[in-house]
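In what follows, a single structure is set out as structure tokens and then discussed.
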Protein chains: 2
Amino acid sequence: MVNSAEQLDRVFRALGDSTRRSMVARLARGPATIGELGRPFAMTKPAVTKHVKMLERAGLLTREVDGRVHRCEIDPAALAQAHRWVARVREHWGRRLDDLADSLDSVQAKERP
Amino acid sequence: MVNSAEQLDRVFRALGDSTRRSMVARLARGPATIGELGRPFAMTKPAVTKHVKMLERAGLLTREVDGRVHRCEIDPAALAQAHRWVARVREHWGRRLDDLADSLDSVQAKERP
DNA sequence: GCGACAGTTCACCAGGTGGTAAACAGTGCG
DNA sequence: CGCACTGTTTACCACCTGGTGAACTGTCGC
């Protein structure tokens, strides 16, 4: 699944910018227009357009054009994908610690028969 | 905490490359040297050095120099930080759905007294 | 129709990223 | 000592990113 790797690339990279993370956090509390998404930040409209487009290409965002306004909504699937990747790695790390604990236990068992 | 935002930037950006994600996944199963981390990939040593340095600056990695070999170990704190951010956003999104359900319930209650 | 408004596109710039080749610095070993 | 080995540093390259200003497209309301 090469496609999945590229998709994860886009998701994590999109989240690797505090402006875009704020936009995602904003969207988590409900839909918003492009203007609303960009209002908190001191940047021009083209910059906002670029950020939103990157979130959209990462699948974190869906857009619905309604007249002259673009209504954006969060897409939880991409977020879930990132969440699963991190959780899986952390789980493997935890398992390794368990294995370490087991081997320590067995050593102790041998030392104290 | 501006520092925290920059740290999250580095963590997510570091994870936004499949090579580095593979390295992190490898480290989740135990420590490894720089050479071991780079062996699976068809790239030169300076490229590996750069990737590892980026993981280190993101706090995903700690390094212990032992003679001429650098032994790398995963640092779960940075991973936990990313995990928490994603979890918090997803939780807010879920709460919004709950609120929506509540308001729908209240509407139904009004329509069927 | 006309102006205000929401967004996008285009051209441009500074700086970061992913990769290379070549040279260098330490360390281990026969 | 001399050589192999691990890893870093130093240019250098193509490309992407985050930002700008100016011009453009389309829609709303008077």
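These numbers come from a predicted model, not from an experiment. First the proteins, then the strands, lettered A, B, ... as listed; each starts at 1. When reading the values below, keep in mind they use all heavy atoms of this one structure, side chains included, and skip hydrogens, waters and symmetry mates.
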Bend angle of the helix from dG1(C)-dC30(D) to dG30(C)-dC1(D) from five-pair axes at both ends, rounded to 10°? 20°

With a 4.0 Å cutoff (strictly under), does any side-chain N or O of [X] reach OP1 or OP2 of [N]?
X	N	result
Thr49(A)	dG7(C)	no
Arg63(B)	dT8(D)	yes
Arg68(A)	dG29(D)	no

Closest listed nucleotide, where the reference is the side chain of [X] and the choices are [options]:
X	options	answer
Pro46(B)	dA11(D), dA22(C), dG7(C)	dA22(C)
Asp17(A)	dT20(C), dG19(C), dG18(D)	dG18(D)
Lys50(A)	dT17(C), dG19(D), dT8(D)	dG19(D)

Using a 4.0 Å heavy-atom cut-off across all strands, classify [X] as base, sugar-phosphate, or nothing.
X	value
Lys53(B)	sugar-phosphate
Arg71(B)	nothing
Thr19(B)	nothing

Is the shortest heavy-atom distance from the side chain of Glu36(A) to the side chain of Arg39(A) under 4.5 Å?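 Heavy-atom side-chain distance check passes, below 4.5 Å.
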
Between Gly16(A) and Gly67(A), just flag the one whose closest nucleotide in DNA chain D comes earlier from the 5' side.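 Checking each residue's closest nucleotide, the 5'-ward one belongs to Gly16(A).
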
